[in-house]
Amino acid sequence: MFIHIGDDQVIRSKDVVAIIDHTLISSSSIIEEMIYNQRKEKNVVETQTQEAKAIVITDDQIYFSPLSVMTLKKRANMMATLNKLEDFSEIVDEEV
């Protein structure tokens, strides 16, 4: 499934490694260094319309999202629930 992370960006939910609050960047030198290195490699997608509230880390990109961590978490959980419903519906179809 996919998760809409704002700014017309949609990513595959299975590619998400972590979702981090944007305010943690300044409190962690490791996160700052990681983002700096990924920017040099052109692997960072910045938010275009609003200030970033969350950072979504995938296998190959870092996305700055205008949505909060809680909103992104809810969307990810909603997709997981929908996946389970889809799997269940396939079983019901086979039984009928």
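Numbering of residues begins at 1 and proceeds along the displayed sequence.
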Ignoring hydrogens and geometry, is there a side-chain-to-backbone donor-acceptor pair from Asp21 to Thr23 under 3.5 Å? yes
Return yes when atom CZ of Arg12 has more than 12 non-hydrogen atoms of other residues, nucleotides or ligands closer than 6.0 Å, and no otherwise. no
Hey, are the side chains of Tyr63 and Gln61 touching, using non-hydrogen atoms and a 4.5 Å cut-off? yes
Tell me the closest heavy-atom pair linking Gln50 and Pro66, and the distance in Å. OE1-CB, 3.4 Å
Heavy-atom check, side chain of Ile3 versus side chain of Val10, under 4.5 Å: no
Residue set satisfying side chain to side chain contact (heavy atoms under 4.5 Å, CB included) with Ser28, at least two apart, ordered chain then number -> Ile30, Ile31
Please enumerate all residues that pass side chain to side chain contact (heavy atoms under 4.5 Å, CB included) together with Lys42, with sequence neighbours excluded. none
By side-chain hydrogen bond (donor to acceptor under 3.5 Å, both in side chains), Asn37 pairs with (sequence neighbours left out) none
Nearest 0.5 Å, what's the CD-CZ distance between Gln9 and Phe2? 13.0 Å
Are Leu24 and Met34 connected into the same hydrophobic cluster when the rule is that any two of I, L, V, M, F, W, Y join if their side-chain heavy atoms are below 4.5 Å apart? yes
Does the side chain of Ile57 come within less than 4.5 Å of Ile55's, by heavy atoms? yes
Is any side-chain heavy atom of Val44 closer than 4.5 Å to one of Glu46? yes
For the CD1 atom of Ile20 and the CD1 atom of Ile25, what is their distance to the nearest 0.5 Å? 8.5 Å
Minimum-distance pair of heavy atoms, taken over all atoms of Ser68 and Ala54: C-CB, 4.3 Å
Flag side-chain contact, heavy atom, 4.5 Å: Ile62 against Ile35: yes
Answer whether the closest heavy-atom distance between the side chains of Phe64 and Val45 falls below 4.5 Å. no
For atom CD of Glu33, decide whether the heavy atoms of other residues, nucleotides or ligands shown that lie under 6.0 angstrom number more than 12. no
More than 12 non-hydrogen atoms from neighbouring residues, nucleotides or ligands closer than 6.0 Å to CG on Asp8, yes or no? no
Side chains of Thr47 and Ser65 in contact at under 4.5 Å (non-hydrogen atoms): no
Rounded to the nearest 0.5 Å, how far does CG of Leu67 lie from CG of Leu72? 5.0 Å
Non-hydrogen side-chain atoms of Ile11 and Ile5 separated by less than 4.5 Å: yes
